[in-house]
Amino acid sequence: MSTTASDPLAALGSLPGVPDAVDSVRKAVDRVYGHRVMRRRSNEVTAEAALRGSRGSAALAGADWSLEEVRRRTDFSGEDEARTVGAALRLTAEAGQLLSVWRQSPLRVLARLHLVAAGGATPDDAVGRPRLAGEAVDEPLIEAPLPSAGEVAGRLEGLSRLIIAGGSAPALVTAAVVHGELLALRPFGSHNGLVARTAERIVLIGSGLDPKSICPAEVGHAEQGRAAYVAAFEGYTAGTPEGMATWIAHCGRSIELGVRESTAVCEALQRGAA
């Protein structure tokens with residue numbers, strides 16, 4: 001997160017191309033919220049978006065299951081992929097319950113998210129706390145240099161202060177920065193990608209952009225593919241204006257693809273096919 005402006009998140013919102021991405025996302029979200037199905041069946045759309053978002057986040061973490069398989073399964077213990085899908089489902093279910101805490105103590109929420117994701121699969125003393133010096137990180141998708149434990153602590157505190165202070169940055173920008181910073185830091189020994197994408201979801205809900213959580217960005221991240229996700233993230237880690245704008249635009253496109261998915265769900269419900 002490389003900017004020295006007094007309101008760094010707001011400054012990112014003025015990068016070339018970002019205002020257009022913000023406007024495009026806002027229009028897309030407004031369209032799906034205006035769908036007639038949302039008047040009486042929004043809970044069904046929310047539930048379906050949660051399932052599809054969980055599937056997308058798990059796919060990026062290496063468990064690329066079909067939606068039908070995720071829907072069918074009841075046991076997510078056992079092999080690594082099943083545990084990953086289970087973790088994604090648990091995190092999505094938890095996200096909406098943490099909004100008030102997020103605004104006051106983002107670090108507490110991140111600790112809770114890691115605890116939920118780990119689900120007993122990680123040694124107890126490593127769950128729910130940032131990693132210590134010398135502790136390994138299991139995050140195969142992201143190969144960027146790993147910041148030291150001391151840098152992680154400092155940057156997490158900085159991120160927390162920005163979130164608590166609020167500001168005028170668009171929700172897309174804040175969500176993209178939270179997502180990117182957590183991916184860059186990989187503060188926990190495991191499940192960092194899942195936690196980062198859930199934190200992005202929390203920002204989008206809490207900001208009022210997507211209060212009913214029907215625009216699953218995780219769907220769009222997965223649809224664009226792991227290679228595109230990593231390439232856009234490299235823009236974030238580069239810290240250049242162009243790189244940051246690329247990452248924010250990628251996150252914006254992911255939200256729009258999530259909107260498209262939920263619009264299809266609305267259409268199916270309207271036809272009585274779902």
Side-chain angles (χ1 to χ4, degrees), residues 1-5 7-9 11-12 57 60-62 84 87-88 90-91 94-95 98 101-119 121-167 169 173-203 206 218 221 229-230 232-240 243-244 247-248 250-251:
M1 193 165 43
S2 300
T3 177
T4 57
D7 187 349
L9 297 183
L12 293 175
S57 192
L60 287 170
T84 296
R90 291 193 300 273
L91 284 170
E94 190 80 3
L98 297 171
V101 183
W102 175 260
R103 297 184 186 104
Q104 300 171 5
S105 182
L107 299 186
R108 279 180 57 200
V109 170
L110 294 176
R112 173 63 184 169
L113 291 177
H114 187 244
L115 180 68
V116 169
T122 307
D124 289 349
D125 64 351
V127 171
R129 63 155 174 80
R131 55 187 167 81
L132 303 177
E135 290 184 335
V137 173
D138 179 16
E139 199 65 47
L141 180 60
I142 303 301
E143 298 180 352
L146 195 66
S148 69
E151 183 179 353
V152 167
R155 286 171 64 176
L156 281 177
E157 284 293 341
L159 183 64
S160 177
R161 287 194 296 271
L162 283 174
I163 293 166
I164 292 169
V173 172
T174 303
V177 168
V178 167
H179 183 171
E181 191 71 354
L182 292 174
L183 275 186
L185 294 178
R186 282 147 290 162
F188 304 109
S190 63
H191 303 96
N192 289 287
L194 293 174
V195 168
R197 291 184 288 276
T198 305
E200 178 185 47
R201 174 183 283 266
I202 289 172
V203 173
E218 304 96 325
H221 287 304
Y229 183 73
V230 171
F233 171 66
E234 287 172 353
Y236 181 88
T237 58
T240 63
M244 295 295 290
W247 172 247
I248 293 167
H250 180 88
C251 292

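Along the sequence shown, residues carry numbers from 1. Since the model is a prediction, treat every value here as computed from it, not as a measurement.
- Between the CG atom in Leu159 and the CG atom in Leu9 there is a gap of 8.0 Å [rounded to 0.5 Å].
- Residues satisfying the side-chain contact (heavy atoms from CB on, under 4.5 Å) test with Ala199, not counting sequence neighbours, are Trp102, Leu110, Val178, Leu182.
- Each salt bridge (Lys or Arg N to Asp or Glu O under 4.0 Å) pair with one or both residues in residues 135-146, not counting sequence neighbours, appears once here: Arg129-Glu135.
- Taking CG of Leu98 as the start and CZ of Arg108 as the end, the distance is 9.5 Å to the nearest 0.5 Å.
- Considering only heavy atoms from C-beta on, Asn192 stays 4.5 Å or farther from Ile142 through its side chain.
- Under 3.5 Å, the side chains of Thr84 and His191 contain no donor-acceptor pair of N or O atoms.
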Problem set entry | side chain to side chain contact (heavy atoms under 4.5 Å, CB included) evaluation trace for Glu157 with Arg161 | CA-CA 6 Å; Glu157 284 293 341; Arg161 287 194 296 271; 3.8 Å; yes
Exercise. Could you walk me through whether Arg103 and Ile164 pass the side chain to side chain contact (heavy atoms under 4.5 Å, CB included) check?
Worked result: CA-CA 6 Å; Arg103 297 184 186 104; Ile164 292 169; over 6 Å; no
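- Separating the CG atom in Leu60 from the NE2 atom in His221 is a distance of 7.5 Å, to the nearest 0.5 Å.
- For Phe233 against Ala144, the heavy-atom pair with the smallest separation is CE2-CB, 4.2 Å.
- Closest non-hydrogen pair, Arg131 versus Pro147, comes out as NH2-O, 2.7 Å.
- Between His179 and Tyr229, the gap from one ring centroid to the other is short of 6.0 Å.
- The CD atom of Glu181 sits 10.5 Å away from the OG1 atom of Thr237 when rounded to the nearest 0.5 Å.
- Minimum interatomic distance between Arg197 and Ser57 (heavy atoms only, all atoms of both residues): NE-OG, 2.7 Å.
- Between the CG atom of Leu91 and the CZ atom of Arg112 there is a distance of 10.0 Å, given to the nearest 0.5 Å.
- Ser160 and Pro106 get closest at one heavy-atom pair: OG-CD, 3.5 Å.
- The aromatic rings of Phe188 and His114 sit parallel to each other, their planes meeting at less than 30°, with 60° as the upper class boundary.
- The two atoms that bring Arg155 and Ala184 nearest to each other are NH2-CB, 4.0 Å, heavy atoms only.
- Taking each heavy atom of Val116 and Arg90 in turn, the nearest pair found is O-NE, 2.9 Å.
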For this session: Assess whether side chain to side chain contact (heavy atoms under 4.5 Å, CB included) is satisfied between Leu113 and Ile202, documenting all intermediate values.
Result: CA-CA 11 Å; Leu113 291 177; Ile202 289 172; 4.1 Å; yes
